[in-house]
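Scroll down for the structure; my scribbles are underneath it.
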Amino acid sequence: MIISTIDELGKYEGQEVTVRGWVYNTRSIGKIWFLIFRDGTGLLQCVVVKAEVDSLTFDLEGTLTQESSVKVTGLVRKEPRATGGYELTVKNITVVQIADEYPISPKEHGTAFLMDNRHLWIRSKKQNAILRVRHQIIKAARDFFDNNGFTLVDSPMFTANAVEGTSNLFEVDYFDRSAYLTQSGQLYGEASAMALGKIYVFGPTFRAEKSKTRRHLTEFWMLEPEIAYCDLDENMDWAEKLVGYIVQQCIGKCKREFEVLERDLSKLEAIVPPFPRITYDEAADILKKAGADFEYGNDLGATDETIIGENFDKPVMIHRWPADVKAFYMKRDPNNNELALGVDMIAPEGFGEIIGGGQREDDYDTLVNRIQHHDLPLKPFKWYLDLRKYGSVPHSGFGLGLERVVAWITGTQHIRECIPFPRTMSRLEP
RNA sequence: UCCGGAGUAGCUCAAUGGUAGAGCGGGUGACUGUUAAUCACUAGGUUGGGGGUUCAAGUCCCUCCUCCGGAGCCA
């Protein structure tokens, strides 16, 4: 007996195979009925003809409910009338479980309801496709780092100190002392880069900000490379190479998913390095010309990012920011002490900031001053300062927000559909 | 925290202050090529909670709750 998945079915044309999965839908027209069947790799139409099966199998039409689990055996035939191009003429159906009435019907639903049923929603075509592209993005990123001499380093989730001292963190009880869920693996990434040269951290990060927008989660995944002997310009080289590679890999390997998602691939095909690089000052000019309500010296707002992004058909990197709006660890521009050597990458099509990073301050005394200037306690940073005492070197890195990249590449308007089980202010279940 | 929007059947939504409805989903039946099939019949409601005005409130007023997305902050 041949067992196949739907995506491999073409290999077995003319043969009898068994597929194992779930009922997506049934349609009956009397002495023939159609079983639309899914197995996680695709959809398959199975035809049950009264004259060709025993009555027990034929009568299952009245029994099978949406999402009932079944094994179907039948003959694989090429069939242009069926979606997917192949069809199964059923010989036998084995029922594994008859599902209760399924909450998600094949009609429109509101997102609140669908999020309440996220554990079931991920079975649907579109959500399935998004999760597959997410997988491909992660795989491409890891392949990229692996191919370029980076070592994966896992940073701790529990930390004693806030990285930047700005964000609200989740505080947890840690054996009668306070600890925080990490908002970034960067500081540990820097230590690891001094040990291994080129590293990347990949893991979940946590922000307790009361953000309620389509771009925010309280728990999200970040890819954070950190590179020793690397300045801002080289950092931008790595950022554009990484993003370019991820996009091209997805285009090559997720054709079916993009079809389901109705993604305009021409927009993605344009994502080839080099990406445009503009200074903060140049970005401010663009905003001024566009008539945006923007004050020089401030960070960019969400609409500002969209305006900038619309000026380019590739991701755009904005570098050399007013130091006041950036974190304490950013190195100042040697040509202008008011500017920090930071870089943000803005995705096209209004998807906003997907990368933030820069060159790190590598001088011990300067860094001590910055920490004090930001009213941060020195003690928890002692180990971090050690990195500037024992063989300090110029180094840079960045953090890529995985879900935002998934949203952009899949063309999904809301970030909560870009992670299997999103955590937001109001959602801890499912 | 601020601004705006929304809570009515399992779901998506209607309903001049005057008997709460439709489509989908569910159930029963018809149909040999359906594509979110079609057709007939059928069950299904404490209109988010509390208070008020009124002969009469889903509808008007007050209050609370929840959710949504936008700002801020950020990836």
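Note on naming: letters A, B, ... go to the chains in the order of the sequence lines (proteins, then strands), and numbering restarts at 1 for each one.
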[atom1] of [X] versus [atom2] of [N]: gap in Å, rounded?
X	N	atom1	atom2	answer
A:Q186	B:A75	CD	C1'	12 Å
A:H109	B:C13	NE2	C1'	13 Å
A:M425	B:G70	CE	C1'	14 Å
A:H216	B:C73	NE2	C1'	6 Å
A:L181	B:A75	CG	C1'	17 Å
A:L242	B:A75	CG	C1'	14 Å
A:I354	B:C74	CD1	C1'	15 Å
A:W321	B:C73	CH2	P	11 Å

Please list every donor-acceptor pair under 3.5 Å in which a side-chain atom of residues 302-309 of chain A meets a protein atom from a residue at least two apart or in another chain.
residue	atom	partner	partner atom	Å
A:D304	OD2	A:G301	N	2.8
A:E305	OE1	A:E353	N	3.2
A:T306	OG1	A:A302	O	3.1

With sequence neighbours excluded, residues passing ring-ring contact (aromatic ring centres under 6.0 Å, His included) with A:F398:
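For A:F398, no residue satisfies ring-ring contact (aromatic ring centres under 6.0 Å, His included) once neighbours in sequence are set aside.
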Could you write out RNA chain B as a dot-bracket string, with dots for unpaired bases, | for bases paired across to another strand, and Watson-Crick or G-U pairs counted at under 3.5 Å?
(((((((..((((....[..)))).(((((.......))))).....(((((..]....))))))))))))....
Does [X] reach a base, just sugar-phosphate, or nothing at all? Heavy atoms under 4.0 Å.
X	value
A:D344	nothing
A:L400	nothing
A:F113	sugar-phosphate
A:G352	nothing
A:L402	nothing

Report, as a single string ordered 5' to 3', how protein heavy atoms within less than 4.0 Å touch nucleotides 24-34 of chain B: B base, S sugar-phosphate only, - not at all.
SSS----BBBB
Has A:R20 got more than 12 heavy atoms of other residues, nucleotides or ligands less than 6.0 Å from its CZ?
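Check fails, neighbour count at 12 or below.
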Side chain proximity check, A:D344 to A:W321, heavy atoms < 4.5 angstrom:
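With C-beta onward as the side chain, the pair touches.
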Nearest heavy atoms of A:Y280 and A:N298, plus distance in Å:
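That closest heavy-atom pairing would be OH-O, 2.7 Å.
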Please list, for nucleotides 65-69 of chain B, all pairs of protein and nucleotide N/O atoms separated by less than 3.5 Å.
residue	atom	partner	partner atom	Å
B:C68	OP2	A:S426	OG	3.0
B:G69	OP1	A:H414	NE2	2.8
B:G69	OP1	A:R416	NH1	2.8
B:G69	OP1	A:R416	NH2	2.8
B:G69	O2'	A:K212	O	3.4

Sidechain N-carboxylate O distance under 4.0 Å for A:E13, A:R77
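Salt bridge between A:E13 and A:R77, a charged N being under 4.0 Å from a carboxylate O: no.
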Pair up each side-chain donor or acceptor in residues 98-106 of chain A with any protein partner under 3.5 Å, not counting sequence neighbours, and list the distances.
residue	atom	partner	partner atom	Å
A:Y102	OH	A:L120	O	3.2
A:S105	OG	A:H109	NE2	3.4

